[in-house]
Chemist: 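I have a structure I would like to understand better, so I am pasting it below and will then ask my questions one at a time.
Chain naming here is simple, since letters A, B, ... match the order of the sequence lines and numbering starts at 1 in each. Values below: all heavy atoms of this structure, side chains included; hydrogens, waters and symmetry mates excluded.
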Protein chains: 2
Amino acid sequence: MPLDERKKQVLHAIVDDYVSTNDPVGSKALIERHNFNVSSATLRNDMAELEKLGYIEKPHTSAGRIPSDRGYREYVDSLMTVERLTDEEQEEIKSRIDTSIDEVTDLIKNATQTLSETTGFVSLSMSPRLRKSFLTQLKILMIEPGKALVLMVLSAGVVKDKIVRIPSYVTDEQIIKISSSIEKHLTGKPLDEITLITVESSVDNIEIPQPLLKQVIYEAYSAIKQADELNIYLEGEHRMLELPDFSTMGRARELLGTLSDSSMVAGYVNEIAGDDTPNDGSYMIRIGQEITLNGLEDCSFITATYNLTDSISGNIGIIGPKRMEYSKVISQIDFVTTTLNENIKKLN
Amino acid sequence: MPLDERKKQVLHAIVDDYVSTNDPVGSKALIERHNFNVSSATLRNDMAELEKLGYIEKPHTSAGRIPSDRGYREYVDSLMTVERLTDEEQEEIKSRIDTSIDEVTDLIKNATQTLSETTGFVSLSMSPRLRKSFLTQLKILMIEPGKALVLMVLSAGVVKDKIVRIPSYVTDEQIIKISSSIEKHLTGKPLDEITLITVESSVDNIEIPQPLLKQVIYEAYSAIKQADELNIYLEGEHRMLELPDFSTMGRARELLGTLSDSSMVAGYVNEIAGDDTPNDGSYMIRIGQEITLNGLEDCSFITATYNLTDSISGNIGIIGPKRMEYSKVISQIDFVTTTLNENIKKLN
DNA sequence: ATTAGCACTCGAACTCTTGGAGTGCTAAAT
DNA sequence: ATTTAGCACTCCAAGAGTTCGAGTGCTAAT
C-alpha cells in the first residue's frame, strides 16, 4: 500500500525536523513547525500508521519519532528533491579546490579533502580501477646491483612504479634486454589480461640463464599486478567526533576503529560500487543497517564516480551519520565530483 | 635542594601507582601497596613537601596526589630504570614485523604499525631527512607529449619520482639530452647543495631554445626539492579513544583534531628532533606542557632515530598519554627501532 | 476521517544524601 | 628533629528520589 500524500509529507517533515534538531519529533512539534491543516491527533494517527509500516520508530514509549533506515531510504528515493548549491556554496568549493595541481592523484586527494571540509564528514576516494587500462610503457631500470625499478605508464596517464629485488649479478645489459622485450610484447595490453604466462612468453628467445630470467620476470609481473590494487584514501576522521550522533565514546570508538582498517573499507566501497550501476551516472547510497561494516550502523555512505578516461573510473564520497541533510550533501558531492572531473580533463 | 632518598621513592611510587590505577594516590594507599617502614602521616609530610617542590599536585582538596609534568620529568630523567623486554615480548614484536618487505618505506611503515599495536598509542614515523644524501641517478623520461617523469635515485637507495608538465613540443631527444646532461653534472651532489642555479649551469651548452629549456629545468629542480620534503606517517589515532585519559569527548576531539593536521605534527617532531642530540643515540621525550601543540597537554612524545645510512636518518616514535608506563614504552620503542635498523641493514 | 480530551509513560535534569578516601594540623613519642 | 597517632574537616562519586514536560494511545464526539 503506497503512502497517501499527507503521510508522505509527514514522513518528509519528520526526517527534516529530526535531521535539523536531533530530537525525536512529536506530533505537536510537527504542527508548530509545518502547515499541516489538521490537528495533532490526526498526525498522531498518521504517525502510528507510518510506524506500523516501518518508516519511523520511537526510541522509547513517550518520546517522539525518529526515521528508521527504511524511512531514510524512502526519503532519499522518493521524497526529497536535490537542490543545486547556491552560487556562494559553489564558489566556496571551487576556491578550495586547487587548480594548479598537475598530478591526478594529488588532484583527487585535494577534492577529497575539500569534500570532507564542506560536508564536515569523513570523505574518501578510491583509486581508479585500472584493470581495464592498458600499458603504454614499461621500463625496468637498474638502480644498483640487486635492485631495479619497474616503471609503468598506463593508458590513463597514470604512472606506477615499484622497486624490485633481483639477483645481484644481473647486469645492466641483461635488464635492458628483458625490459624492452617485455615492453614490446605487452604494450597495449589491458592490465587484467596480463598473466605470469603472458609475461614469460614475451621474453621467449632471450639468451639469459633461465632461473635468473624467471625471477626478474616474476618481479616485473608482481609490479604490474600491484599497479592494479585498490587504494583508498580516507580524510577527516576526526570530524566525526564533532557530531552529536557520535558523542558517546562507545560509538565513536567503534566507528573510528573500523575506519582505521582502510583496506576493509576499501573492500566494502568496491563492493557497493560494483553493485549498483549508478542510474544517471551519479551517486550511490547506503543507509544504516544496509552497511555491513561493524560500527557503521548509524552511518550512511554516499559515493559518486569520477572518471580518468571514458572507461577508467574511481569513486569519491563520504561517510556521515545517517541523520544528515541528504539533499544538501548529495549536491555537495555532486558538485565536487563535477569539478574534479573537469580538472582531470584539463590535465589531458 | 635535591630530594632525599625516601622522597624519591615516594615520587617513584606515586608515579607507578597513578600510572597503573589512574586514581590519584593517597598516603594510605601508598603504605598499603609499598613497603615503606613509616606511617602514613610521615608520607603525608613527604607528599606535602613534594607538592611544594612541584613534583606532584592534587586535583582537588581531598583527593590523592598525581604527578605533575615536572614529576614525570624527574621520574623519566632520574628515577626509573628502563628494563629490557622479556623474551616473549621481543618475540611478539618480532613476529609482527614482516621481514619479507623489501622496500624501505614499507619497512618503516610496518615498524610504525607494530609500534602502535604494541604500545596501544598513536605511533609516527618521519621520512628520513635527505638533504645530506646525494644523487646517484637522475633521469627524465618522456611519458607522453607534455608530460615527463623525473626519476631520482639517492645515495640511501631511496627512489623518488615526480611527474612534471613540460611544453608539449619538447621532443624525446631533447629530453634525453637535458636529462643526461643534468645527471652528469649533478650526480654525487648532496641534495641541499643543489640550487636552481646549479641545475641551470649543468646544461650550459645545449642547443635547445632557452625558454623551453628553462621550464624543463625548473620542473626538474622542483622535483629534486620535493624529494627533500618531510613526510610524516601517523598510525593508530583511534587507539587514543580507548584510553581513559581521553574518555571525555572534549579532550579526544581536540587531540585528534590536532593530529589530523599531519604537517603541523611533522613540523613539531622535526623541531624536537633537531633540539636534542639524543645522548646515547636513543630516545627523546617531551612531556605534557613541554609540548607546544594544541590539545596535547596531556600527552607525551617519545621518539627515537632510525638510520638509513650512517648520515641519513629519520624518526620513529609514539604519542601517548603522559600517564604511561615510560619504562616499558621506551623499551618497546627501543626494540622496534633496533629491529627496524637491522632490517634496513639487511636490505643493503 | 478528524478532533478534543484525558490518563498515562518515561527520560532528562535536578536536588539531596551518604560514604569513603583523602588532607592538614596538633601534640605526644622516639 | 623525625615520626606518629588522632582528629576534624573536605569534597567527590554514586545512588536515590523528585519534578517536569513532551509524547503517546485511546475513546467518544464531530
Chemist: Just compare C:dT23, D:dT4, C:dT3 and give me whichever is closest to any side-chain atom of A:S39.
Modeler: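 Of C:dT23, D:dT4, C:dT3, C:dT3 is nearest to the side chain of A:S39.
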Chemist: From D:dG25, C:dA4, D:dT3, pick the nucleotide closest to the side chain of A:A41?
Modeler: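 Selected nucleotide (nearest to the side chain): C:dA4.
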Chemist: Between B:E290 (side chain only) and B:I287 (backbone N and O only), is there a donor and an acceptor less than 3.5 Å apart?
Modeler: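 Checking the backbone N and O of B:I287 against the side chain of B:E290, a donor-acceptor pair under 3.5 Å is found.
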Chemist: In whole Å, what is the span from the OH atom of B:Y18 to the P atom of C:dA21?
Modeler: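 B:Y18 atom OH is separated from C:dA21 atom P by 18 Å.
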Chemist: Nearest whole angstrom, please: distance from the P of C:dA21 to the CD1 of B:I31.
Modeler: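 Atom-to-atom, B:I31 to C:dA21, this comes out as 16 Å.
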Chemist: Considering only side-chain heavy atoms of A:K58, which listed nucleotide, C:dG24, D:dG25, D:dC11, is closest?
Modeler: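 Comparing C:dG24, D:dG25, D:dC11 against the side chain of A:K58, the answer is D:dG25.
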Chemist: Report which part of the nucleic acid B:S40 touches: base, sugar-phosphate, or nothing (heavy-atom distance under 4.0 Å, all strands).
Modeler: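 If one applies the 4.0 Å heavy-atom cut-off, B:S40 turns out to touch nothing in the nucleic acid.
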Chemist: Do the side chain of B:S68 and the main chain of B:G54 share a donor and acceptor less than 3.5 angstrom apart?
Modeler: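 Side chain of B:S68 to backbone of B:G54: a pair is present.
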Chemist: Let me confirm one number: the CG-CG distance from A:L234 to A:D261, rounded to the nearest 0.5 Å.
Modeler: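 Taking CG in A:L234 and CG in A:D261, the distance rounds to 10.0 Å.
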Chemist: Round to the nearest Å and state the distance from A:L43 atom CG to D:dC26 atom P.
Modeler: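 Between P of D:dC26 and CG of A:L43: 17 Å.
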Chemist: How many Å lie between CG on A:L30 and P on D:dT24, as a whole number?
Modeler: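 Taking atom P of D:dT24 as the reference, CG of A:L30 is at 9 Å.
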Chemist: A:D46 has an atom CG; how far is it from atom C1' of D:dC26, in whole Å?
Modeler: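 The answer, rounded to whole Å, is 16 Å.
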Chemist: Examine distances only and state if a side-chain atom of A:R253 and a backbone atom of B:L241 form a donor-acceptor pair shorter than 3.5 Å.
Modeler: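 Checked: pair present.
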Chemist: On DNA chain D, nearest-nucleotide positions of B:T61 versus B:V38: which is more 5'?
Modeler: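 Residue closer to the 5' terminus by nearest nucleotide: B:V38.
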Chemist: Out of C:dC6, C:dG22, D:dT3, which nucleotide sits closest to the side chain of A:R44?
Modeler: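 Of the options given, the side chain of A:R44 lies nearest C:dC6.
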Chemist: Please answer whether the main-chain N or O of A:L43 pairs with a side-chain N or O of A:S27 as donor and acceptor at a distance below 3.5 Å.
Modeler: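 No: the side chain of A:S27 does not pair with the backbone of A:L43.
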Chemist: Whole-Å distance between C:dG11 C1' and A:H60 NE2?
Modeler: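 Rounding to the nearest Å, NE2 of A:H60 and C1' of C:dG11 are 5 Å apart.
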Chemist: What's the closest nucleotide to the A:T42 side chain, out of C:dG22, D:dG23, C:dT2?
Modeler: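 Shortest atom-to-atom distance from the side chain points to C:dT2.
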Chemist: Tell me the interatomic distance from A:M47, atom CE, to D:dC26, atom P, rounded to whole angstroms.
Modeler: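 Nearest whole value for this atom pair: 15 Å.
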Chemist: Assuming nearest nucleotide by heavy-atom distance, tell me which of B:G64 and B:N45 is located more 5' along DNA chain C.
Modeler: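 Closer to the 5' end of DNA chain C: B:G64.
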Chemist: Starting at CG of B:D4 and ending at P of D:dA1, how long is that distance when rounded to a whole Å?
Modeler: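 Those two atoms, CG and P, are 16 Å apart.
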